[in-house]
Amino acid sequence: MVNFSENISVRPRRSLLSVPAVNVRALEKIRELDCDGVILDLEDSVAPDMKGKARDNLERLFSDGLLARRETIIRINPLSTPEGKADVRLVLSCLPDAVLLPKVEQPADINDLADLLAEADAPGRLKVWAMIETPFGVLNAASIADAAHTPDARLAAFVIGLNDLRKETRVPSLPGRTYLVPWMMQVVLAARAYGLDVIDSVSNDFRDMAVFDAECEQGRAMGFDGKMLIHPAQIEPANRHFAPDEAAVAEAREIIAAFAKPESVELNVINMNGRMIERLHVGQAERLVAMADIIAQRKAKKT
Ligand code: COA
Ligand code: MG
């Protein structure tokens with residue numbers, strides 16, 4: 001079994017706002033927004049005739065350096081299209097943190113992109129994220145995630161796309177995402193098996209905050225790291241719901257302290273206030289505390 005614990009990333013990805021790269025007003029707004037990351041979209045939200053203009057907008061945005069503080073992800077068109085190839089050239093010029101490949105269905109989709117990036121000598125810090133949003137994407141999630149093992153594959157995260165998945169499967173949009181949940185959990189499991197982060201899908205009804213809150217709570221309970229967003233109004237609730245819970249952080253600090261005591265050195269299980277805590281909980285606790293500290297530092301910088 002491969003132990004991924006040392007590789008687990010502690011970058012907050014609670015709120016990833018999708019911004020159509022063609023919408024200059026929305027692009028200019030990004031600098032005021034408190035999202036953990038921004039997904040600059042060249043794919044579904046950009047009409048076919050506007051793709052070139054959208055790429056020009058991103059070129060300008062990156063050269064102006066206005067995005068420096070947050071994680072930047074460019075969503076490209078499929079590599080099988082001429083637009084996709086032009087998008088990769090743009091990515092190589094802008095060098096975001098990650099490139100998000102849509103409609104990934106097999107490991108070769110990831111490896112083909114990784115080959116293009118390697119041929120162009122792209123720096124290793126440029127990661128690849130995959131949208132899982134088709135029936136084959138869900139069915140093959142584990143073998144796609146396995147691409148994270150191949151040298152230079154750069155795969156770091158999955159993003160679930162339920163709009164496409166609903167369309168392809170004809171599963172309707174129901175409260176609680178009832179019949180989609182098993183597929184979503186399959187993707188979470190595949191991601192975790194290979195040490196990837198995993199991001200929940202967008203919520204289309206951006207004025208209905210009750211639905212959004214419920215989706216965030218559900219997504220978090222399912223193990224997602226955060227949510228892809230479509231509107232600035234969704235940022236604050238996503239940051240709140242996906243942040244480590246205060247009581248859980250306090251308990252994590254207690255667990256770390258308890259196992260650090262000299263009398264615990266040779267113990268693998270301890271009694272903490274009537275609950276069994278195992279040494280395996282320490283890694284989990286450290287990750288939670290690290291995440292809470294990063295979020296607190298960011299907040300302090302802003303105030
Ligand atoms: N990113 C940045 N700013 C955004 C934004 C986004 N995704 N969505 C809306 N805004 C801005 C608007 O520009 C507007 O700013 P202004 O007041 O300075 O004009 C403000 O937020 C309020 O927007 P609102 O009027 O409520 O919505 P809208 O009609 O302008 O936009 C959508 C609604 C759905 C068209 C827009 O939110 C959008 O394009 N979202 C992203 C869609 C997307 O990326 N889809 C692909 C992934 S599924
Ligand atoms: Mg899609």
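As the structure lists them, so they are numbered: ligands from 1, and atoms in each ligand from 1. One-based numbering along the sequence shown.
- Among all non-hydrogen protein atoms, the one lying nearest atom 38 (C) of ligand 1 is I230 O, 3.9 Å.
- In the candidate list Q234, M131, K29, R25, R25 is nearest to atom 19 (O) of ligand 1, counting heavy atoms.
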Kindly list each side-chain donor-acceptor pair under 3.5 angstrom involving residues 168-175, sequence neighbours excluded, with atom names and distances?
residue	atom	partner	partner atom	Å
T169	OG1	L165	O	2.6
T169	OG1	V171	N	3.3

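- Near F206, meaning under 4.0 Å from one of its heavy atoms, ligand 1 places the atoms 26 (O), 33 (C), 34 (C).
- Close approach of ligand 1 to M228 is summarised as follows: ligand atoms under 4.0 Å from at least one heavy atom of the residue are 47 (C).
- Surrounding CG of D152 are at most 12 heavy atoms belonging to other residues, nucleotides or ligands under 6.0 Å away.
- Atoms of ligand 1 lying under 4.0 Å from any heavy atom of R207, numbered from 1 in the order shown and given with element: 26 (O).
- Protein heavy atom closest to atom 21 (O) of ligand 1, with residue, atom name and distance, is P232 CG, 3.7 Å.
- Smallest separation of non-hydrogen atoms from I144 and E105: CD1-C, 3.7 Å.
- Protein heavy atom in closest approach to atom 45 (N) of ligand 1: S45 CB, 3.7 Å.
- Partner of S18 under the side chain to side chain contact (heavy atoms under 4.5 Å, CB included) criterion, chosen from M228, E43, H231: M228.
- The set of protein atoms (N, O or S) found at less than 2.8 Å from the Mg ion (ligand 2) reads E133 OE1, D164 OD2, by chain and number.
- Ligand 1 places these atoms under 4.0 Å from at least one heavy atom of V19: 1 (N).
- Closest protein heavy atom to atom 23 (O) of ligand 1: H231 NE2, 3.3 Å.
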